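The next block holds one structure in the form of structure tokens; read it before the comments.
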Amino acid sequence: TSVGSLMNTDKNILMRNKAPRILITGGLGQLGTECAKLLRKNYGQDNVILSDIIKPSEEGLSNGPFIFADILDFKGLQKIVVNYQIDWLIHFSALLSAVGEQNVPLAVRIFVPSTIGAFGPDSPRSPTPNVTVQRPRTIYGVSKVHAELLGEYYHHRFGLDFRCLRFPGVISSDPPGGGTTDYAVAVFHEGLINKRYECYLEPYTRLPMMYIEDCLNALFQFLNTPNEKLKRRTYNVTAMSFTPEELFTELRKHIPDLDISYRPDTRQLIAESWPQIFDDTEARQDWGWSHKYDLEKLVTRMMNDVSESFM
Ligand code: AKB
């Protein structure tokens with residue numbers, strides 16, 4: 001497909017006069033499930049297809065279409081994009097193998113999430129702008145920088161509608177998934193059950209964070225922004241920055257007898273190489289990003305969410 005003959009996704013959707021048809025890879029993860037709920041509400045259950053290589057729960061199956069798809073099987077992915085007439089591909093799987101070829105992605109809007117982890121100890125931390133030194137020291141960060149650059153390359157070279165948001169620590173009621181920012185999720189679970197939490201980061205470690213609803217709203221708004229408005233393909237987004245100490249102080253308003261101790265481990269080193277204040281002014285200017293949840297609202301909301309998840 002040459003760039004000239006390319007049917008872009010907006011034209012595709014207009015021609016069908018319908019909502020976009022969306023494939024979410026890594027669809028059973030933290031972002032995948034929540035994102036599917038939001039998109040299904042907006043575009044219809046059947047227009048959002050989840051894929052993963054793990055077995056879905058009954059609930060996962062009953063909420064809309066699910067298919068097995070291994071993103072390392074490029075031909076298999078091509079088949080899905082063609083057979084299901086996919087317009088937008090939201091790529092939550094860890095590695096961006098889908099962008100390794102030329103033809104299919106050109107007619108598809110591809111979203112890949114990146115992270116504050118795409119920065120490293122040589123990056124300015126406070127604030128961290130969109131474009132600056134990126135020398136991450138984790139394999140997670142390295143693979144994200146790789147995905148950002150590959151996507152941007154395909155955009156400039158072949159016109160691929162690649163879009164990428166760098167998220168801060170995302171806080172939701174899902175059980176913590178092994179990240180460095182996940183203390184801010186774990187403390188709600190353990191605080192509610194045991195009234196006690198041992199934090200693996202030092203009390204003063206400041207990191208950018210956002211509530212899941214803000215994260216999904218950013219994703220939704222960004223995916224719906226017309227191409228002309230985008231001045232870049234990769235944007236920083238965030239809502240707030242706080243330290244463990246600040247979070248626990250706010251949380252004690254809800255759990256007064258919460259007992260906190262600190263035992264920093266290797267995650268401290270990772271956190272110290274990441275942004276403290278994430279500069280997302282360009283996202284706010286270019287496509288109107290704004291967050292709803294500050295620290296106080298986040299804690300109130302999480303108390304509710306996590307209590308409900310125990311019922
Ligand atoms: C992590 O802590 O690894 C993630 C992230 C910030 O990308 N939550």
Side-chain angles (χ1 to χ4, degrees), residues 25-26 28-35 90-96 111-121 123-130 132 134-149 151 163-190 197 199-202 205-216 218-219 222 234-244 246-247 264-280 283 291 293 295 298 302 305-306:
T25 69
L28 298 179
Q30 181 203 22
L31 295 182
T33 19
E34 294 299 324
C35 178
I90 301 186
H91 193 52
F92 282 139
S93 296
L95 289 174
L96 188 64
F111 176 83
V112 178
S114 186
T115 158
I116 50 170
F119 297 91
S123 313
R125 298 179 67 206
S126 194
T128 308
N130 267 311
T132 187
Q134 283 179 273
R135 314 289 295 177
R137 297 262 176 96
T138 61
I139 189 65
Y140 176 57
V142 169
S143 70
K144 288 298 183 184
V145 175
H146 178 241
E148 287 180 10
L149 292 179
R163 300 179 183 211
C164 175
L165 291 180
R166 293 193 192 113
F167 291 122
V170 175
I171 301 174
S172 71
S173 59
D174 266 21
T180 301
T181 59
D182 279 349
Y183 84 87
V185 174
V187 69
F188 287 94
H189 290 263
E190 296 192 26
Y197 180 64
C199 182
Y200 55 78
L201 293 183
E202 297 276 14
T205 317
R206 185 171 301 283
L207 287 167
M209 302 276 183
M210 90 196 319
Y211 181 57
I212 182 83
E213 195 180 305
D214 274 335
C215 167
L216 295 173
L219 171 62
F222 184 50
T234 303
Y235 283 91
N236 294 352
V237 286
T238 190
M240 66 194 105
S241 279
F242 56 71
T243 65
E246 287 164 359
L247 174 64
D265 63 21
T266 48
R267 284 169 281 191
Q268 181 64 27
L269 291 175
I270 297 177
E272 278 177 14
S273 75
W274 283 1
Q276 292 179 304
I277 308 281
F278 213 30
D279 181 355
D280 63 356
H291 66 277
Y293 288 84
L295 179 58
L298 165 96
M302 277 294 285
D305 294 353
V306 176

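When a ligand or atom number is given, it counts from 1 through the structure's own listing order. Keep in mind the model is a prediction, meaning the values are calculated, not measured. Index from 1, following the sequence.
- Residue-level proximity to ligand 1 for Tyr140 is carried by the side chain, the only part with a heavy atom below 4.0 angstrom.
- Ligand 1 places these atoms under 4.0 Å from at least one heavy atom of Trp274: 1 (C), 2 (O), 3 (O), 6 (C).
- The shortest contact between atom 5 (C) of ligand 1 and any protein heavy atom is with Thr115 OG1, 3.5 Å.
- Contacts between Val170 and ligand 1 below 4.0 angstrom, taking non-hydrogen atoms only, are absent altogether.
- Side-chain atoms of Glu34 and Gln30 include no donor-acceptor pair closer than 3.5 Å.
- For atom 8 (N) of ligand 1, the nearest non-hydrogen atom of the protein is Thr181 OG1, 2.9 Å.
- Considering only heavy atoms from C-beta on, Phe188 stays 4.5 Å or farther from Asp305 through its side chain.
- Among protein heavy atoms, atom 2 (O) of ligand 1 sits closest to Thr180 N, 2.7 Å.
- For Asp182, no nitrogen or oxygen atom sits less than 3.5 Å from a nitrogen or oxygen atom of ligand 1, counting backbone and side chain alike.
- The backbone N or O of Thr128 lies less than 3.5 Å from a partner atom in the side chain of Asn236, making a donor-acceptor pair.
- Ring planes of Phe111 and Phe167: tilted class, angle from 30 to 60°.
- A donor-acceptor contact shorter than 3.5 Å links the side chain of Gln268 to the backbone of Glu202.
- In this structure, a donor-acceptor pair under 3.5 Å is present between the side chains of Glu148 and Ser114.
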